[in-house]
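Please read the structure below before turning to the comments.
Predicted, not measured: the structure shown is a model, and the values here were computed from it.
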Amino acid sequence: MTIADTIQTLFLELHQHPELSNHEFETTKRIREYLQKAGIRILELGAKTGVIAEVGSGSPVVALRADIDALPIEEQAACSYRSQNSQVMHACGHDVHTSILMGAAYLLKAQEQEQNLPGTVRFLFQPAEENFSGALELIEVGALDGVDVVLGLHNNPNLTVNQMTSCAGPFSANVDRIEITITGVGAHAAKPETGVDPIVIGAQIVTAIQTIVSRTLAGLEPAVVSITKFLSGNTWNVIPETVEMEGTVRTLTPEVRAKVKAQLTNIVENIASAMGGKGELRWFDGPPSVINVPEWVDLAKTVAQQVGYEVVDIEPQLGGEDFAHYLHHVPGAFLNIGSQSEYALHHPKFQINRDMIMPAANYWYELAQQVLTVLKNNQS
Ligand SMILES: [Zn+2]
Ligand SMILES: [Zn+2]
């Protein structure tokens, strides 16, 4: 079987047997089997799910990462290879990322046998991207030890299969979650003067939050603050004691992230206290923004052109990507390749164009070698 056929088969198997974050046990087994079939060495670092493997030897080391988990979605795509696991679907295309990385591993293994590799290529088949825990877990077990450059890719349904994109600097958002509690004093609805109404305070706070982006950030600094939950009260004639809110903050840079956090705290605490209540903000840091290193973005774009991709420009996205954690430790780049789906990522009808798989594997193979060559030249 050719490498192209092998990774198409792997893709179909993965798509039909998706598994949720941190539960990718069968997926892990399957990846190991495919690696072992090609004689690719697996590093036993002790991750619960996911696989780390290598070809080549010595320094420098470039790591290529694919995420392997799926989402709790009932698939509605009109394809013959639909998910066989109820309420679980590869709706973000991590099955295609895994297949692409496997293809690159097979191609690079042949180079290793020819003794043509100027260093080591490490493959990170990472679990649990969707809940943002997998990259941290792999870093924890030592997946980045000795790594000089790390590269990752995500499919992009809005691009055609021959298009690639990336950009230097921020490429995805800091994805933070917030909870707000407003505490007032409950009262009879007919006697509001005897209590402190947390709903009225909460409404003022939600309105004031809308001014964070429009009044405290510069016009060209992208950010989003969304309140997505507002719970209070349980009947018509009682002023309740508390309001509970939840939401998310998306920013691109550490500076804007800090500014939004400070202003949000101000608004919640001070508006509540001005109105006689108490406001508390709880902030949960999600994955930081992916910050691409210009040198590696440039090389990724050059190699993309060499292997036949059209390189297009896109704006940074306000979605999250836990690849950012790797870039806190090691320089590198994250990029997109077109998957040409009619439906968006995380949609129950999301379906990639399978023509993207082999060219992307070939691109990854080519890019990994060129990164090693640059690193090797820098060493000497
Ligand atoms: Zn996703
Ligand atoms: Zn994804």
Salt bridge check: are [X] and [Y] linked by an N-O gap of less than 4.0 Å?
X    : Y    : answer
E140 : K48  : no
R177 : E246 : yes
E112 : R41  : yes
E24  : R30  : no

**Request:** Report, as yes or no, whether the 6.0 Å neighbourhood of atom CG on N234 holds more than 12 heavy atoms from other residues, nucleotides or ligands.
**Result:** no
**Prompt:** Is atom NE2 of H17 surrounded by more than 12 heavy atoms (other residues, nucleotides or ligands) closer than 6.0 Å?
**Reply:** yes
**Asked** Which heavy atom in T160 sits nearest to a heavy atom in Q340, and how many Å separate them?
**Response** CA-OE1, 3.5 Å
**Request:** Name all pairs fulfilling the salt bridge (Lys or Arg N to Asp or Glu O under 4.0 Å) condition that reach into residues 193-218, sequence neighbours left out, sorted by first residue then second.
**Result:**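 Of all non-adjacent pairs touching residues 193-218, none passes salt bridge (Lys or Arg N to Asp or Glu O under 4.0 Å).
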**Message:** If hydrophobic clusters are built by linking Ile, Leu, Val, Met, Phe, Trp and Tyr wherever their side-chain heavy atoms come under 4.5 Å apart, do V330 and V62 end up in the same one?
**Reply:**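 Not linked; separate clusters.
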**Request:** Decide whether I52 and V149 are clustered together by the hydrophobic rule: side chain heavy atoms of Ile, Leu, Val, Met, Phe, Trp, Tyr closer than 4.5 Å, transitively.
**Result:** no
Please set out all donor-acceptor pairs under 3.5 angstrom arising from side-chain atoms of residues 348-368, sequence neighbours excluded.
residue: N353; atom: OD1; partner: D355; partner atom: N; Å: 2.9
residue: Y363; atom: OH; partner: A300; partner atom: O; Å: 2.6

**Request:** Start with the C-alpha gap between H97 and H94, add the side-chain angles, then the distance that decides, and say whether ring pair (Phe, Tyr, Trp, His ring centres under 6.0 Å) holds.
**Result:** CA-CA 5 Å; H97 306 162; H94 297 183; 5.3 Å; yes
Between [X] and [Y], do the side chains contain an N or O donor and an N or O acceptor separated by less than 3.5 Å?
X    : Y    : answer
N174 : T251 : yes
N266 : Q263 : yes
Q76  : Y343 : no
T181 : R282 : yes
D322 : Q126 : yes

**Asked** What distance do H329 atom NE2 and L327 atom CG have between them, rounded to the nearest 0.5 Å?
**Response**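 Going from the NE2 atom of H329 to the CG atom of L327 covers 10.0 Å.
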**Message:** Taking the cut-offs as 6.0 angstrom to the six-membered ring centre and 45 degrees off its axis, would you call K109 and Y106 a cation-pi pair?
**Reply:** no
**Prompt:** Do the ring planes of Y81 and H15 sit parallel (below 30°), tilted (30 to 60°) or perpendicular (above 60°)?
**Reply:** perpendicular
**Item:** With A63 via side-chain contact (heavy atoms from CB on, under 4.5 Å) - residues at least two apart
**Value:**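 With sequence neighbours excluded, A63 shows a side-chain contact (heavy atoms from CB on, under 4.5 Å) to R122, L124, V147, V150, given in chain and number order.
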